[in-house]
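Structure first, commentary second.
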Amino acid sequence: MPGVADSPLAHPEEIRSLLLFRLSRVLSLGGSLVTRLCEGRFGITRREWMVIALLAPQASLTWTELVARAELDKARLSRAVTSLANKRLVEKRRGASRRLIVTLTEAGAALHAELFPLTSQINAKLLQDLDANQLAVLDEALQVIHKRAERLSMDIEVPKALRRLGARARPR
């Protein structure tokens with residue numbers, strides 16, 4: 001088995017060797033299956049599905065908890081939650097301390113009960129060629145990479161795109 005130093009990931013020389021590019025390709029291919037399932041069969045976006053799936057284990061989360069678990073910017077998450085509320089799959093209400101609480105409705109829970117096994121099957125098919133040891137190594141590696149990404153996102157200052165000026169606009 002080649003060592004880490006032998007891996008193109010360790011010393012990328014082209015875009016296809018970059019970790020984020022490779023993960024993006026897996027997400028694009030595998031995620032499109034989930035997207036088609038969500039949109040075509042259930043009438044929700046993949047982002048809305050993520051919100052439902054995050055709420056399902058405990059049915060309700062405060063806005064702060066949901067933001068932390070979703071790891072999305074607040075504007076995108078807000079649009080997803082508002083869309084789900086309009087579809088009556090979640091409810092938004094103010095708690096005793098004026099905190100926003102997002103709750104999965106019965107319809108949302110029923111959708112989760114039907115959709116989760118289908119997305120779980122896609123997940124299993126993506127991983128079916130890995131043995132138990134490879135799965136354990138992958139799981140551990142993803143946890144390590146995730147923690148590093150969290151630290152980098154706090155440590156590295158990268159300018160945001162000026163989207164309101166158009167996707168190609170750049171600060172001078």
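In this structure, H112 NE2 and L54 CG are separated by 9.0 Å, a value rounded to the nearest 0.5 Å. The structure places OG of S60 at 5.5 Å from CZ of R93, a figure rounded to the nearest 0.5 Å. The CG atom of L27 sits 11.5 Å away from the CG atom of L20 when rounded to the nearest 0.5 Å. To the nearest 0.5 Å, atoms CZ (F42) and NZ (K87) are separated by 12.5 Å. With rounding to the nearest 0.5 angstrom, the CZ atom of R79 is 10.0 Å from the CG atom of L72. In this structure, CG in L66 is found 8.5 Å from CZ in R69, a value given to the nearest 0.5 Å.
Between the side chains of T103 and E91, no donor-acceptor pair of N or O atoms lies under 3.5 Å. For the 3.5 Å distance criterion, the side chains of R99 and T62 fail to qualify, holding no donor opposite an acceptor.
The backbone N or O of R36 sits nowhere less than 3.5 Å from a side-chain atom of E39 that would complete a donor-acceptor pair. Put simply, the side chain of R46 gets close to the backbone of G31: a donor and an acceptor are under 3.5 Å apart.
By the salt bridge (charged side-chain N to carboxylate O under 4.0 Å, His left out) test, K92 pairs with no residue at all, sequence neighbours left out. E14 pairs by the salt bridge (charged side-chain N to carboxylate O under 4.0 Å, His left out) definition with R16, not counting sequence neighbours.
Under the 4.5 Å side-chain heavy-atom criterion for grouping Ile, Leu, Val, Met, Phe, Trp and Tyr, L19 is not connected to L138 through any hydrophobic cluster. I122 and L127 sit in two unconnected hydrophobic clusters of ILVMFWY residues. Membership requires side-chain heavy atoms under 4.5 Å apart, directly or through other members. Following chains of ILVMFWY side-chain contacts shorter than 4.5 Å, one can reach L126 starting from L33, so the two form part of one hydrophobic cluster. Residues I101 and L55 do not share a hydrophobic cluster, clusters being chains of Ile/Leu/Val/Met/Phe/Trp/Tyr side chains in contact below 4.5 Å.
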Go through the steps to decide whether T45 and E48 satisfy the test side-chain contact (heavy atoms from CB on, under 4.5 Å), and finish with yes or no.
-> CA-CA 5 Å; T45 67; E48 291 169 347; 3.1 Å; yes

List the steps, then state whether side-chain contact (heavy atoms from CB on, under 4.5 Å) holds for Q143 with H146.
-> CA-CA 5 Å; Q143 289 177 45; H146 186 265; 5.7 Å; no

Can you check side-chain contact (heavy atoms from CB on, under 4.5 Å) on V144 and K147, steps first, answer last?
-> CA-CA 5 Å; V144 169; K147 286 179 184 172; 6.0 Å; no

Steps toward side-chain contact (heavy atoms from CB on, under 4.5 Å) verdict (W49, L111) = CA-CA 9 Å; W49 164 237; L111 187 146; 4.3 Å; yes

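Scanning both residues, L29 and S32, for their nearest heavy atoms gives O-OG, 2.8 Å. Between R76 and D73 the shortest heavy-atom distance is N-OD1, 2.9 Å.
Between W63 and V81, the closest side-chain pair of non-hydrogen atoms falls below 4.5 Å. The shortest distance between side-chain heavy atoms of R22 and L9 falls below 4.5 Å. Annotation: side chain of V90 is in contact with side chain of V102 (closest heavy-atom distance under 4.5 Å). In this structure the side chain of L118 reaches within 4.5 angstrom of the side chain of R41, judged on heavy atoms.
When L115, T105, L89 are each tested for a side chain to side chain contact (heavy atoms under 4.5 Å, CB included) with I52, only one passes: L89.
More than 12 heavy atoms of other residues, nucleotides or ligands sit less than 6.0 Å from atom CZ of R94. The number of heavy atoms from other shown groups lying within 6.0 Å of CD (Q58) is above 12. The number of heavy-atom neighbours closer than 6.0 Å to CZ of F116, taken from other residues, nucleotides and ligands shown, is 12 or below.
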